[in-house]
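For the numbers below, each heavy atom of this structure counts, side chains included, while hydrogens, waters and symmetry mates do not. Just so it is clear: chains get the letters A, B, ... in the order the sequence lines come, proteins before strands, and each one is counted from 1.
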Amino acid sequence: MTSALPEKYDPATLEPAVTQKWLQQKAFGATPDARENRYVVMMPLPNVTGALHMGHAMDNVMQDLLIRWHRMQGDNTLWMAGTDHAGIATQSVVEKRLKEIEGRTRHDIGREALVERIWAWKEQCQTRIVTQQQAMGCSCDWDRTRFTMDAVCARAVRHTFFRMFRDGLIFRGNRLVNWDCALQTAVADDELYKETVQGKFHYLRYPVANPQAGEPTHVHVATTRPETMLGDTAVAVHPDPAGALEQAIAEQQARVAAATPKERADAERELERLVERRTSVVPHLVQVAAMARAGRKVVLPLLGREIPVVCDTWADPTLGTGCVKVTPAHDPNDYAVWQRHPHIGAVNMMQPDGSIGAAGGVYQGLDRFEARKRILADLDKAGLLERIEDRAMEVDHSDRSKTVVEPWLSRQWFVRMADVEGGILMGRGTAKEFRSPGLAQAALDATNGTLPSLPGGKPRAQVQFHPDQDRYRKMYDQWLAEKRDWCISRQLWWGHRIPVWRGDMPVHKLLALEPVLGSALQRDDIAAWVVTDDGKRWSPAEAFVALRQPGSPAAVEVQICFRDEAQDAQLGPMLQGAGLALDPDVLDTWFSSALWPHSTLGWPNPTTAAVDAGQSPMVTPDGTSVLDYYYPGSCLVTGRDIITLWVARMVVTGLYNLGDLPFRDVFLHATILDGKGERMSKSKGNGIDPLDIISRYGADALRYIVCELQTGTQDIRLPVQAISPFDSEERLIDLATAKQGPFVGTYVDPKTGKVFDLVGLYQKEGFAQARATSDRFAVGANFCNKLFNAARFAFLNVEGCTFRPLDRATLPLEDRWVLSRLQAAVTTTQAQLCDYNPSAAIGTLREFFWNEFCDWYLELVKPRFRPEADPAGAAVARQVLAAVLDQSLRLLHPFVPFLTETLWTRLDELAPVRGIETPFAPSKLLVHAQWPAGRPAWSDAAAEEQVRAVQQWCVAIRETRSRYQVAPKVRLECRIAAEGAVAGVLEAAAALLCNMAGLSSLTVASGATRTADSATVVVGGARAYLPGVVDLDKERARLRQQADKLRGQIEGLARKLSNEGFLAKAPADVVAKERASLEAMQSQLATLEESLRELG
RNA sequence: GGGCGUUUAGCUCAGUUGGUAGAGCAACAGCUCGACAAGCUGUGGGUCGCAGGUUCGACUCCUGCAACGCCCACCA
């Protein structure tokens, strides 16, 4: 069977056939074997929130590039694929659609129905994602694909939670969280974004309770969120307002003194403002501070609750009124005040849905924004609203629901990231066990090379960031250094349920249970804690002792976690009988993705991992597990936006569970932006589907461009147009200027005013689906077309090629040259890939293949394939051609795998054995072919030098022809006046030059003379005459122009070389180089001048 | 407010340790010559954001400024 190529390059038919072939042959499967060298990449698992966009394409292509490159280098290569359930993100997408399309909320349909819909959505997304990845050529081991909520991952989550819980690293605390009132869940700091809103700053007056003579009757406070006053538990004032203000004034004076003229005015204005407060504010504050010390109170307006005045340095006499209302349950700073003054207490005035709770008195039930209006109106009526100022504010919004988040006091689960007393045992029970001060510290040590050595004394590996180690490590370090506790509970319906049974229990009941519980709780698959209201935490054994002491609390909370899920069913009923219930919350999605590098490999026990039907086993017949073989991995490829969210957490859990890093290298690729410079994202609806690009340009073109775009750390702006679905003729709509439509990912066509759908999610709603396109990818398609056609030409000529050992020294010039250039390309490409520079690597290959191989070599060898040419020469040319094509296909394969694989098959049919001195290693599939090694022996400086001369002459002659508009078909006679080495080279290469420059004959003689109608071509110090090209005026002008340009350059160089400073201080080799180049120019100028004299 | 990044041809971007600026696309002129018009051949185009400094010499190093972007913190 032959695989003859079609006449035209057509990726749309070629690529699916290749995909099918790869998948059928399971070409990407990974199985542990005897090889020591392995290469493992864990795919940054896409969320099942929609289709992939170009940002994912970048991520996937970079990984595939590295994977294919390493696979060809002979590494045992695993690329693990999979998807993330993405708790809040997925649930909110499904909820949003429910709202948009059906106008219903999750509460309308209920928990079960919603979860069911999310599963259906997940299946749909996952199918689409895998389709997209396979269309892009991702060479993942598809038989090991995981999902963060599948049985294998779920078990790892469970075990990790259990271990951390048992180690006391997971705890439940009453903390202020960012509350999303729309989704009704806590969200992490990094799930927030800022938005500037026009808000108002309200000055309120709180009456003093029973004011005494000489005391102010009111205390003034200011707030942007007046409704939070319902939760106020104190008013704070600085303990020493006068002193604090004086200090601020002194600091400002110093600033004025040091200010640049430009800053001075502002600094002085600020100083004046502060000085003015000495009289306008401080006397009042001093009185208030005295009242605070006297234990005086103020009356909370509207509610009539008396609240204390406290002294706290949080209240800043330089700002606002100098006094602050304290709302511990709804403001992080006020929360801190509460921690310093526990007696003031905290009042949570808000319900989970953002409405006012029971503490809000008559305002109960109102939405917070409605309550704000009513409260302001009522305060105004009571004469307690001093004034209102407009003010622009940066307000936190939830990334998922796009609504304002509220700081909200609630009980949540946390992972302790800070150092703990006695440290933490990392990798417990493994050979790599070590002790770390804390989880965050372990991750910091991992990038600083300060992890303790392995038990044998060998130093541990260190995480390295590429391509800018310093910059990205700084980001990572800065974030981790805060060691902030990680809030892991989410009040969602979609995710891993928190596996803790808990409930309040009267102490006498707990103590009565000791005989039963005592022994059970010592098992190593059960962990339990007893927690008191005031935050004490005891192990059960400690609790049984402590709770018998006098003064112990009457009730405590009991928390129990089982290591294995099955125990929930077995022992749950008993716990329920004792008044405990399974925590209703689910885990933060990052908790499961943090485990990805080992959960996917079957940790904690690959032998018993419940893989899906049809998947590859986790353990080979000889007993090697994928976890042992493939962990730790090699390289993590991702965008810099999740260094903190994900990278750091994977390092933490890898060290904690296994005592070893999940990867050594982190490759951070560029971010893809849209035409407006905004990051592509699913939630913004500006992400374009790689399949749209593929359908127009092909996956190889997409990959080529994505590689070319990845230069270093530069973000990539990708202007995108939609192809109008409303016209029969193609019409492009610029997405940077088109207005957004009603739903995410829909836009309005400016011409027809009709809405179209770019993300393909609203067909059912009747919106026409539009494909996106970007002409940037045409460049990639052009390259593929060139590759295709060059190969086609080669195939016309290599048929019947047989291998016989060639002696390079005897090969014709052009053959030695192309092998030398190939060798250079191999070495350079390898270095650039090692350097994580795909753009440079594909640039090198393009340059070699197109500008050297196609433009010169193919043209140079063509004569040898003509029927009248020497058959022996043709045979050698065939062999060299096949060999260079072979190596080129291998080199290009990681970049443009589909086309190269297709061409490889054909090449194998036409010339099964290829090589120069010895045959290259064969392979049926290019995927598994051996990567070209550098062959220093193929470097041939002499051949390169000679071909360079041919090229220079050729270009110079072509330029002359072009200037005189000599038709390409017209073959010119050429006489070159040259001697010595130059003449030798030209004589040897005369045939090549005639062929390339369209010459009928070439004579090289020291005494060559021009005819009257000759054009003159000057290269270096030699001259060529092209008779028959007459126009003496034009010729003179041309030569003069050349000479003038040269004179300018010579003048500059001469000036430099006459500069004594340069001669004295510049390195000798630089001076020598400049001298040589000056001499060369002078020689060429002399020749030009002589030519001009000849013309008269 | 703190930290980081970017600014080079009309566009998108390269430019490794300082030695007079490169590519692709676009533009212009000419080519249907047996692989390729998604191509071939040739041409034009830049005060390297601005101002100083170091140096014999600065796109490159230092300082300041401007514009744009990102991250972190804060905002009663």
Have a look at [X] and say if it touches a base, only the backbone sugar-phosphate, or nothing, with a 4.0 Å heavy-atom cut-off.
{"X": "A:T224", "result": "sugar-phosphate"}
{"X": "A:R846", "result": "sugar-phosphate"}
{"X": "A:D316", "result": "base"}
{"X": "A:V1070", "result": "base"}
{"X": "A:L718", "result": "nothing"}

Between [N] and [M], how far apart are the two [atom1] atoms, rounded to whole Å?
{"N": "B:rU63", "M": "B:rA21", "atom1": "P", "answer": "26 Å"}
{"N": "B:rC48", "M": "B:rG18", "atom1": "C1'", "answer": "15 Å"}
{"N": "B:rG44", "M": "B:rA26", "atom1": "C1'", "answer": "13 Å"}
{"N": "B:rC33", "M": "B:rC28", "atom1": "P", "answer": "23 Å"}
{"N": "B:rU6", "M": "B:rC13", "atom1": "P", "answer": "13 Å"}
{"N": "B:rG52", "M": "B:rA14", "atom1": "P", "answer": "28 Å"}
{"N": "B:rG57", "M": "B:rA23", "atom1": "P", "answer": "29 Å"}
{"N": "B:rU17", "M": "B:rG5", "atom1": "P", "answer": "16 Å"}

Nearest to side-chain heavy atoms of [X], which nucleotide of [options]:
{"X": "A:R484", "options": "B:rG19, B:rA35, B:rC72", "value": "B:rC72"}
{"X": "A:P1067", "options": "B:rC74, B:rG19, B:rA29", "value": "B:rG19"}
{"X": "A:C854", "options": "B:rG19, B:rA35, B:rC33", "value": "B:rA35"}

Looking at A:Y704 versus A:F783, is the centre-to-centre ring distance below 6.0 Å? yes

Are A:F795 and A:F793, when compared by the centres of their aromatic rings, separated by less than 6.0 Å? no

To the nearest angstrom, how far is [X] atom [atom1] from [N] atom [atom2]?
{"X": "A:D396", "N": "B:rC75", "atom1": "CG", "atom2": "P", "answer": "11 Å"}
{"X": "A:R225", "N": "B:rC74", "atom1": "CZ", "atom2": "C1'", "answer": "14 Å"}
{"X": "A:D1069", "N": "B:rG18", "atom1": "CG", "atom2": "P", "answer": "14 Å"}
{"X": "A:L480", "N": "B:rC72", "atom1": "CG", "atom2": "C1'", "answer": "14 Å"}
{"X": "A:L910", "N": "B:rA35", "atom1": "CG", "atom2": "C1'", "answer": "14 Å"}
{"X": "A:M680", "N": "B:rC70", "atom1": "CE", "atom2": "P", "answer": "16 Å"}
{"X": "A:F849", "N": "B:rA35", "atom1": "CZ", "atom2": "C1'", "answer": "10 Å"}
{"X": "A:Q965", "N": "B:rA29", "atom1": "CD", "atom2": "P", "answer": "11 Å"}

Got a second to check how far A:W338's CH2 is from A:N333's CG, nearest 0.5 Å? 15.0 Å

Any chance you could measure A:R277, atom CZ, to A:H284, atom NE2, to the nearest 0.5 Å? 11.0 Å

From A:Q1041, A:R1047, A:Q1042, residue fulfilling side-chain hydrogen bond (donor to acceptor under 3.5 Å, both in side chains) relative to A:D1044: A:R1047

Check for me whether [X] meets the cation-pi criterion with [Y], that is, NZ or CZ under 6.0 Å from the six-membered ring centre and within 45 degrees of the ring axis.
{"X": "A:R958", "Y": "A:W856", "value": "yes"}
{"X": "A:K862", "Y": "A:Y857", "value": "no"}
{"X": "A:R473", "Y": "A:F465", "value": "no"}

Does a salt bridge link A:E389 with A:R387, judged by any charged N lying under 4.0 Å from a carboxylate O? yes

Electrostatic pair A:R696-A:E730, nearest N-O below 4.0 angstrom: yes

Under the salt bridge (charged side-chain N to carboxylate O under 4.0 Å, His left out) rule, what do A:R878 and A:E799 come out as? Steps first, then yes or no, please. CA-CA 8 Å; A:R878 252 196 288 282; A:E799 183 148 21; over 6 Å; no

Once each nucleotide of nucleotides 3-17 of chain B is scored for protein heavy atoms under 4.0 Å, what B/S/- sequence comes out, 5' to 3'? SSSS-----SSS---

Quick one, give me the B/S/- string for nucleotides 36-43 of chain B, reading 5' to 3', where B means a protein heavy atom under 4.0 Å from the base and S means that only happens at the primed atoms, P, OP1 or OP2. B-BSSSSS

Verify side-chain hydrogen bond (donor to acceptor under 3.5 Å, both in side chains) between A:S1058 and A:K1056, making sure each step is shown before the conclusion. CA-CA 5 Å; A:S1058 63; A:K1056 187 177 195 173; over 6 Å; no

Go through the steps for A:L176 and A:D334 under the test side chain to side chain contact (heavy atoms under 4.5 Å, CB included), then give the verdict. CA-CA 10 Å; A:L176 218 48; A:D334 296 0; over 6 Å; no

More 5' along RNA chain B: A:N851 or A:L319, using each one's nearest nucleotide? A:N851

Whichever of A:K1073 and A:K325 has its nearest RNA chain B nucleotide further upstream toward 5': A:K1073

Give RNA chain B the dot-bracket treatment, 5' to 3': Watson-Crick (N1-N3 with N6-O4 or O6-N4) or G-U (N1-O2, O6-N3) under 3.5 Å, [ ] crossing, | other strand. (((((((..((((.....[..)))).(((((.......))))).....(((((..]....))))))))))))....

Determine, stepwise, if the pair A:D312 / A:H341 fulfils side-chain hydrogen bond (donor to acceptor under 3.5 Å, both in side chains). CA-CA 9 Å; A:D312 193 283; A:H341 306 270; 2.9 Å; yes

